[in-house]
Amino acid sequence: MTLIPLPRDFYARDPVIVARELLGQRLLRETPAGLCGGRIVETEAYLSSRDPACHASRGMNRKNTAMFGPPGHAYVYMIHARWCLNAVTEPEGIPSAILIRAIEPLDGIDLMQERRRTDVLRDLARGPARLCEALVINRAANHCDLTAGRELWIAEDASLNGTPLRTIRSARIGVTSAHRRLLRFYLAGNAFVSGRGQRVLR
DNA sequence: CTACCGATTGACT
DNA sequence: GTCAATCGGTAGA
């Protein structure tokens with residue numbers, strides 16, 4: 001199992017490309033309790049000033065500074081009293097990011113079951129806030145460098161062995177502005193994807 | 001200080 | 001399918 005973090009160049013690109021290519025990669029979390037994580041199966045892109053739904057579309061404020069920083073860092077924010085994890089994309093100064101919406105649990109499943117208080121695999125990390133609870137991601141992870149390979153990082157998933165992935169593009173979930181844009185990506189037929197009955201457009 | 005909001009979730013019909 | 005609890009962050013008084 002290769003756990004080498006994806007390089008910064010991976011993130012310093014068009015968010016739509018990054019969102020799609022993050023599918024099938026391995027999200028990893030190291031805490032004193034041990035290692036846990038899984039395969040990324042669902043993402044959403046938020047496109048800086050050209051996207052009204054992006055938290056940074058109207059400039060910098062106290063909580064969105066991470067999005068203006070270097071690519072490959074974490075942007076963690078709270079919504080409805082729950083935490084959500086993003087990976088910052090594009091060159092520094094362009095505030096775009098990819099919301100990691102769901103993973104398929106693979107590593108440290110017992111740890112995640114304990115934190116989520118359920119044994120149901122499908123409920124461990126299906127949805128951005130469940131994912132953060134399972135991986136103990138909170139304000140302390142904001143600005144974390146995802147290319148450092150410590151605490152929190154994303155690596156190529158060697159267990160896929162080059163298996164071709166079928167990805168589907170749809171509208172983002174829960175977004176109230178710019179809701180018609182197709183900026184959500186997920187793995188076709190994967191049981192660990194959140195939401196239901198999304199319209200399939202490619 | 002208070003009022004309001006939300007890139008959610010889980011419980012419910 | 002619907003709906004409301006959720007609570008920290010922020011803006012504004």
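Values below: every heavy atom of this structure, side chains too, minus hydrogens, waters and symmetry copies. Residue numbers begin at 1 in each chain, while the letters A, B, ... track the order of the sequences.
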**Student:** Got A/Leu85 and A/Ile137 here, is their nearest side-chain heavy-atom distance under 4.5 Å?
**Tutor:**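 A/Leu85 vs A/Ile137: side chains touch.
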**Student:** Please report, rounded to the nearest Å, how far the C1' atom of B/dT8 is from the CD atom of A/Glu42.
**Tutor:**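 About 12 Å, once rounded to whole Å.
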**Student:** Just checking A/Arg150: does its CZ atom have more than 12 heavy atoms from other residues, nucleotides or ligands closer to it than 6.0 angstrom?
**Tutor:**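 Check fails, neighbour count at 12 or below.
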**Student:** Is there a residue in residues 119-127 of chain A whose heavy atoms reach under 4.0 Å of DNA chain C, and which residues are they?
**Tutor:**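 Heavy-atom contacts with DNA chain C come from no residue of residues 119-127 of chain A; none.
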**Student:** Step by step, would you call A/Asp123 with A/Arg126 a side chain to side chain contact (heavy atoms under 4.5 Å, CB included)?
**Tutor:** CA-CA 6 Å; A/Asp123 290 341; A/Arg126 178 173 44 88; 2.5 Å; yes
**Student:** Tell me: CG of A/Asn61 to P of C/dG8, nearest whole Å?
**Tutor:**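 Interatomic distance, CG of A/Asn61 to P of C/dG8: 19 Å.
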**Student:** Just checking, is any N or O donor in the side chain of A/Glu42 or A/Ser194 under 3.5 Å from an acceptor N or O on the other one?
**Tutor:**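 Present: a donor and an acceptor within the cut-off.
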**Student:** Rounding to a whole Å, what distance do you find between A/Ile137:CD1 and B/dT8:C1'?
**Tutor:**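 Spelled out: CD1 on A/Ile137 to C1' on B/dT8 is 16 Å.
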**Student:** Between N or O atoms, less than 3.5 Å apart, protein on one side and nucleotides 1-6 of chain B on the other: list the pairs.
**Tutor:**
{"unit_1": "B/dG6", "atom_1": "N2", "unit_2": "A/His80", "atom_2": "N", "d": "3.4"}

**Student:** Strictly distance-based, threshold 3.5 Å: is any side-chain N or O of A/Thr89 a donor or acceptor partner for the main-chain N or O of A/Pro15?
**Tutor:**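 No, A/Thr89 side chain to A/Pro15 backbone: no donor-acceptor pair under 3.5 Å.
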**Student:** What's the closest nucleotide to the A/Arg139 side chain, out of C/dG8, B/dA7, B/dT9?
**Tutor:**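 The answer is C/dG8, which lies nearest to the side chain.
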**Student:** Answer yes or no: is there an ion pair linking A/Glu90 with A/Arg13, defined by an N-O contact shorter than 4.0 Å?
**Tutor:**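 Judged by the 4.0 Å cut-off on N to carboxylate O distance, A/Glu90 and A/Arg13 do not form a salt bridge.
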**Student:** Keeping the roles fixed (side chain from A/Arg172, backbone from A/Leu183), state whether a donor-acceptor pair exists under 3.5 Å.
**Tutor:**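 Pair absent, no side-chain N/O of A/Arg172 close to backbone of A/Leu183.
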**Student:** How close or far is atom P of C/dA11 from atom CE of A/Met60, stated in whole angstroms?
**Tutor:**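 About 14 Å, once rounded to whole Å.
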**Student:** Looking at every strand, decide which applies to A/Ala129 at a 4.0 Å heavy-atom threshold: base, sugar-phosphate, or nothing.
**Tutor:**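 Sugar-phosphate, backbone atoms only, no base.
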**Student:** Could you give the NZ-to-P distance, from A/Lys63 to C/dG8, as a whole number of Å?
**Tutor:**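 It works out to 13 Å between those atoms.
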**Student:** Could you tell me whether A/Asn86 contacts a base, only the sugar-phosphate backbone, or nothing, with contacts defined as non-hydrogen atoms closer than 4.0 Å?
**Tutor:**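 Base, at least one base atom sits under 4.0 Å.
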**Student:** Would one find a side-chain N or O of A/Arg116 under 4.0 angstrom from OP1 or OP2 of B/dG10?
**Tutor:**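 A/Arg116 to B/dG10 OP1/OP2: side-chain N or O found under 4.0 Å.
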**Student:** Would you call A/Arg101 and A/Glu44 a salt bridge, using N to O less than 4.0 angstrom?
**Tutor:**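 A/Glu44 and A/Arg101: salt-bridged.
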**Student:** Give a yes or no on this: more than 12 heavy atoms of other residues, nucleotides or ligands lie within 6.0 Å of atom CZ of A/Arg50.
**Tutor:**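 Buried by this count: over 12 neighbours within 6.0 Å.
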**Student:** Mind calculating the distance between CZ (A/Arg130) and C1' (B/dA7) to the nearest angstrom?
**Tutor:**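 My rounded result for the distance is 15 Å.
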**Student:** Can we say A/Glu104 and A/Arg122 salt-bridge, meaning some charged N sits less than 4.0 Å from an Asp/Glu carboxylate O?
**Tutor:**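 Salt bridge: no.
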**Student:** Would you say A/Tyr77 stacks on B/dA7, if stacking means ring centres under 5.5 Å apart and planes within less than 30 degrees?
**Tutor:**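 Not stacked: fails the 5.5 Å / 30° test.
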**Student:** Between which residue ranges does DNA chain C form stems of three or more consecutive Watson-Crick or G-U wobble pairs, both distances under 3.5 Å?
**Tutor:**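 As far as DNA chain C goes, consecutive pairing (with distances under 3.5 Å) yields the stems B:1-6 with C:7-12, B:8-12 with C:1-5.
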**Student:** Measure from the ring center of A/His55 to the ring center of A/Tyr77 and say whether it is less than 6.0 Å.
**Tutor:**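 Yes, close enough.
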